[in-house]
Amino acid sequence: MAKKGEKLDLNKVRNIGIIAHIDAGKTTTTERVLYYTGMIHRIGEVHDGSATTDYMEQERERGITITAAAISASWNGHHVNVIDTPGHVDFTAEVQRSLRVLDGGVVVFDGVAGVEPQSETVWRQANNYGVPRLCFVNKMDRTGANFQRCVDMIIERVNGNPVVIQIPYGEGAEFAGIIDLISMELITYEGDMGNDIKRHPIPESYREQAETRRQEMIEKVVENDDFLTEKYLMEEAITDDEMLAAMRAATIAGKIQPVLCGSALKNKGVQTMLDRVVDLLPSPLDIPSVKGLHPKTDEALERHADNEEPTAALVFKIITDPYVGRLAFFRVYSGVVKAGSGLLNSSKGERERIGRIVRMFADRREDVEEVQAGDIAAILGLKETFTGDTLCDADKPIVLEKISFPEPVIELSIEPNSKADQDKMGVALRRLAEEDPTFKIEVDDKLGQTKIKGMGELHLEILVDRMMREFGVQATVGRPRVAYRETITRSVRIDTTFKRQSGGSGQYARVVCEFEPLSDEDRAKLQVGEDMLFEDAIKGGSIPKEFIRPTMNGIRDAMSGGVLAGYPVVGVKARLVDGAFHEVDSSEMAFKIAGSMCLKEGVQKGGPVLLEPTMKVEVSVPEDYTGTIVGDLSARRGIIVGMDPRGGGATSIRANVPLGEMFGYATNLRNMTQGRGSFSMEFEKYSTAPNNIAEEVIKSGR
C-alpha cells in the first residue's frame with residue numbers, strides 16, 4: 001500500500017480472486033495466503049469455524065463461504081488484493097461481481113473430485129469477464145487424488161488450455177512436495193506450518209517424468225511466442241526468464257492456464273502459488289482500459305489506470321455492518337478517490353460525499369486517506385450508491401458497464417409475527433436486498449403477503465436467518481416455491497387501439513405488433529439479463545419516433561405478469577410493424593398503455609405455456625449406491641447426462657432435473673446413502689412444464 005502522497009507502483013499490484021466449486025479449499029487456501037503474507041499470525045480453519053474470511057456467524061456454523069471477503073496483503077514487494085469468493089451456486093452473484101472488478105483469478109480444484117459443476121460455472125463467468133487465471137489443484141494429500149485426471153477434466157469439461165508447470169511429488173498419503181518444471185527442482189515444505197521451504201535436485205525416480213512434462217510445457221508456451229518458436233526450432237536454449245515472460249503474456253491473453261498443485265490444509269504449495277500469482281497474473285496496467293458511456297450523450301468513453309486521469313470507480317459490493325452502517329466496496333479504475341472529497345454517482349445522477357475510506361483485512365479495517373488507480377478498498381457512509389453504480393468526477397462523468405445478475409428461481413412467503421416485527425422486517429429486507437442483487441422482494445397486494453425470491457433454498461435460508469439474528473425480526477416462513485415463467489409457442493400479429501375520451505383532449509394510440517418465440521439466433525442478440533427482443537420495423541412514420549420507446553416500455557412492463565398464472569413472460573421477440581397516432585390526443589402514456597395491451601393479447605393468442613427451471617445436478621456417491629440414485633433421479637423427472645468414476649471408489653452422476661422435484665433432496669440423499677452421498681445443483685435453463693404440472697400451478701391460483 002502506498003503511503004499518503006506516494007504513488008502506487010501499478011506494476012506491483014495484483015487484484016486476484018480465489019474461485020472454485022464448494023469445498024474445493026478456497027477459504028483454506030486464502031487463510032494460508034494471509035498467514036504467509038504476515039496478515040495473521042495463527043491459521044484459522046473452516047472445519048472449526050475460525051477462518052478469518054468466514055467471519056459471518058452463518059459461515060462459521062455451516063463451514064461454507066457465503067459472502068466474498070476482500071483482503072489486502074503484500075508478497076515479494078507486491079501489493080495483492082485477494083477476494084475469497086463463495087463456491088455454492090446459490091451465491092453465484094458474489095462470484096460474478098467479484099470477477100467484474102478483478103484482474104486475475106486462481107481457480108482451485110479438488111484433487112480428488114476434479115472439475116465440479118460450480119467449477120464450470122465460475123470458469124464460464126471468468127471467460128465472460130475475460131479474467132486470466134491460474135489453476136491450483138488442491139488436496140493432493142487426499143486418498144484418491146489424481147493430478148492428471150484433474151488436468152484432463154479442465155480440457156474436457158471447461159475447454160481450457162492447461163499448461164502444467166508443477167507436478168506433485170507423490171499423491172494421496174505419499175504426497176510430500178512439488179516438482180517445479182520451470183526451475184527443475186523438488187520443493188518441500190517443512191516445519192509445522194510449512195514455513196521451512198527446502199529445494200532439492202529432482203529424485204531419479206521422477207527425473208524422466210519431469211523432463212517429459214517440461215518439454216510439453218515448453219512446446220505449449222513457445223507456440224504463443226514467435227521469438228521463442230524460432231529459438232525452439234533452432235534448438236537454442238530458452239532461459240527461465242524468457243519462459244516466464246512468454247508464459248505471462250499467454251496467460252494474460254487468456255490463451256493458456258498454468259496449472260500448479262499442492263495441499264493448502266497441509267501447508268504445501270501455497271507460497272509457490274503466490275510466487276506465480278506475482279509472476280504470471282496481470283497488473284492493472286496489463287488489462288485493457290475500462291470502457292463506459294457519457295450519462296447524458298451516450299458517447300463511448302474510456303479510462304486508463306492512471307492517477308492523472310478523471311476519477312472513475314465501480315462499486316461492486318455492499319455490506320450492512322450493524323455497528324458502522326453501510327460499507328461499499330469499490331475498485332478505482334482511474335484517478336484517485338480521496339477521503340473528504342465529493343464525487344458524482346453517475347448511475348443515479350446523485351452527488352456523494354466520500355467520508356471514511358477503509359482498507360479491508362476480512363472483518364478488520366484500517367483507515368486510509370486515498371485510494372489510487374488500480375486499487376480496491378471500501379467507503380463508509382454512502383447514501384445513494386449500491387452494487388454496480390459508478391462514482392466519478394462531476395465535471396468528467398462516465399457510467400461504467402453495470403454488473404448483470406441472474407434472475408431468482410425460487411421464492412417463499414414470509415409473514416411477521418407482530419406489528420413491531422412488520423416494521424423491522426421492512427427495514428431488514430430492504431437492507432439485505434441492497435447487499436444482494438439476486439435477492440428480490442415482492443408484495444402480493446391480493447394476498448397481503450410478502451414474497452422473497454432467491455437463487456436456491458440455502459440462499460433464502462441464510463437471508464431469513466440473518467434477518468432474524470441481525471435485525472431481531474420474528475417471522476413465519478412458508479415453504480419454498482418454484483419461480484416459474486411463461487412464454488408463447490407460435491407467432492401472432494396483434495392490432496391494438498387504445499382510445500379514451502374524458503372531456504377536452506383524450507388519449508389515442510394504435511399499435512400493430514408481431515410476436516414470435518425467440519430463435520437461437522435472436523437469443524444471441526440479447527443483452528445479459530434480457531428476456532425480450534424488441535425490433536422497430538415502422539416504415540413511413542406511422543408512429544413518430546418519440547412514441548417508439550414508450551411502446552417498447554409498455555410491452556416490457558407487461559411482461560412482468562403472464563396470462564396463465566401471473567408469472568413473468570420470457571423468450572419473446574416483439575416486432576413493431578405499424579400503428580397510428582392523433583396529432584392532439586396521442587401521448588407517450590397512451591402508447592405505453594397500447595404496447596402493454598398488445599403484449600397481453602399477444603401472449604393470450606400465442607399458445608402460452610408454463611416454463612419450469614431445470615437444474616444441472618451432480619451427485620457423488622459410493623459405487624454401491626449408483627443404481628439407487630439413478631432410479632431416484634429418474635423418478636424425479638431427471639434426465640441422466642453422464643456418469644464418471646471418481647477417486648476412492650466413488651461415482652459422479654450428472655443429470656438435468658426440474659427444480660420443483662429437488663426440494664428436500666439433501667435429506668433424502670443422506671437417507672439413501674447412509675450419509676455418504678453429496679450433491680451440488682445449479683440452474684441450467686427453463687423448459688416447458690408437462691401439462692399435469694402446469695395445470696396444478698395454474699389451479700393453485702397463481
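Scanning both residues, Ala312 and Ile398, for their nearest heavy atoms gives CB-CG2, 3.9 Å. In this structure, Tyr567 and Glu486 approach most closely via the heavy-atom pair N-OE2, 3.2 Å. Nearest heavy atoms, Thr487 versus Gly571: OG1-O, 3.7 Å. Residues Asp578 and Ile543 come closest through the heavy atom pair O-CD1, 3.7 Å. Considering all non-hydrogen atoms of both residues, Ser491 and Glu516 come closest at OG-CB, 3.3 Å. In this structure, Ile441 and Arg430 approach most closely via the heavy-atom pair CD1-N, 4.2 Å.
Open room surrounds NZ on Lys499; 12 or fewer heavy atoms of other groups in view lie less than 6.0 Å from it. Summarising the local packing, CG of Asn692 is surrounded by more than 12 heavy atoms from other residues, nucleotides or ligands at distances under 6.0 Å. More than 12 heavy atoms of other shown residues, nucleotides or ligands fall within 6.0 angstrom of atom CG in Asn161. Counting heavy atoms of neighbouring residues, nucleotides and ligands inside a 6.0 Å radius, atom CD1 of Ile639 does not exceed 12 of them.
Between Val115 and Trp123, the closest side-chain pair of non-hydrogen atoms is not below 4.5 Å. The closest side-chain heavy-atom distance from Cys135 to Ile154 is below 4.5 Å. Taking the side chain as every heavy atom from C-beta outward, Tyr484 and Tyr686 never approach each other to under 4.5 Å. Residues Val512 and Ile494 fail the side-chain proximity criterion, which asks for heavy atoms closer than 4.5 Å. A heavy-atom distance below 4.5 Å is not found between the side chains of Asn159 and Ile155. Here the side chains of Phe534 and Leu576 are in contact, with some heavy-atom distance below 4.5 Å.
Under the 4.0 Å criterion applied to side-chain N and carboxylate O atoms, Arg157 and Glu618 are assigned as salt-bridge partners. Residues Glu384 and Lys348 are not paired through a salt bridge, judged by the lack of any N-O separation under 4.0 Å between the basic side chain and the carboxylate. Ion pair Arg654/Asp644 flagged as a salt bridge, since at least one NZ, NE, NH1 or NH2 atom sits closer than 4.0 Å to an Asp/Glu carboxylate oxygen. Remark: Lys605 engages Glu601 in a salt bridge, criterion side-chain N to carboxylate O under 4.0 Å. Remark: Arg493 engages Glu514 in a salt bridge, criterion side-chain N to carboxylate O under 4.0 Å. Salt bridge Arg331/Asp103: present, at least one basic N to carboxylate O contact under 4.0 Å.
Every residue meeting the salt bridge (charged side-chain N to carboxylate O under 4.0 Å, His left out) condition with Glu535, not counting sequence neighbours, appears here in chain and number order: Lys573, Arg575.
Taking CD1 of Ile410 as the start and CZ of Phe683 as the end, the distance is 13.0 Å to the nearest 0.5 Å. A distance of 8.5 Å separates CG in Leu382 from CZ in Phe330, rounded to the nearest 0.5 Å. Here Glu521 contributes atom CD and Leu533 contributes atom CG; the two are 10.5 Å apart, rounded to the nearest 0.5 Å. The structure places CD1 of Ile693 at 5.5 Å from CD of Glu696, a figure rounded to the nearest 0.5 Å. In this structure, the separation between CD1 on Ile414 and CG on Leu460 is 9.0 Å, given to the nearest 0.5 Å. How far CG of Asp298 is from NE2 of His294: 10.0 Å, rounded to the nearest 0.5 Å.
Side-chain N or O atoms of Asp389 include none that pairs as donor or acceptor with a backbone N or O of Leu391 at under 3.5 Å. Side chain of Thr651 to main chain of Thr626: no donor-acceptor pair is present (N/O by atom type, distance under 3.5 Å, no hydrogens or angles). Put simply, the side chain of Ser560 gets close to the backbone of Asp557: a donor and an acceptor are under 3.5 Å apart. No donor-acceptor distance shorter than 3.5 angstrom exists from the side chain of Lys592 to the backbone of Phe547, with no hydrogens or angles considered. Arg636 places a side-chain N or O within 3.5 Å of a backbone atom of Glu661 that can act as its donor or acceptor partner. A donor-acceptor pair under 3.5 Å links the side-chain atoms of Ser347 to the main chain of Thr390, judged by distance alone.
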Please determine whether side-chain hydrogen bond (donor to acceptor under 3.5 Å, both in side chains) holds for the pair Glu684 and Thr614, giving the CA-CA distance in whole Å, both sets of side-chain angles, and the decisive distance to 0.1 Å. CA-CA 6 Å; Glu684 168 77 0; Thr614 302; over 6 Å; no
Output, in order, the C-alpha distance, side-chain angles, deciding distance and verdict of side-chain hydrogen bond (donor to acceptor under 3.5 Å, both in side chains) for Thr251 and Gln257. CA-CA 6 Å; Thr251 304; Gln257 295 85 37; over 6 Å; no
Lys451 and Glu442: salt bridge (charged side-chain N to carboxylate O under 4.0 Å, His left out), yes or no, with the steps? CA-CA 5 Å; Lys451 286 191 292 192; Glu442 192 180 283; 3.4 Å; yes
Show your reasoning for whether side chain to side chain contact (heavy atoms under 4.5 Å, CB included) applies to Thr551 and Asp536. CA-CA 10 Å; Thr551 307; Asp536 173 12; over 6 Å; no
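Side-chain contact, Asn656 with Arg637: no donor N or O sits under 3.5 Å from an acceptor N or O. Side-chain N/O atoms of Glu612 and Ser687 include no donor and acceptor closer than 3.5 Å.
Here Tyr665 and Phe679 bring their ring centres to under 6.0 angstrom of each other.
Note on ring orientation: taking the six-membered ring where Trp is involved, the planes of His582 and Tyr508 are perpendicular (angle over 60°, cut-offs 30° and 60°).
Residue Ile555 is tested with Cys513, Ser596, Pro550 for a side chain to side chain contact (heavy atoms under 4.5 Å, CB included); the sole match is Cys513.
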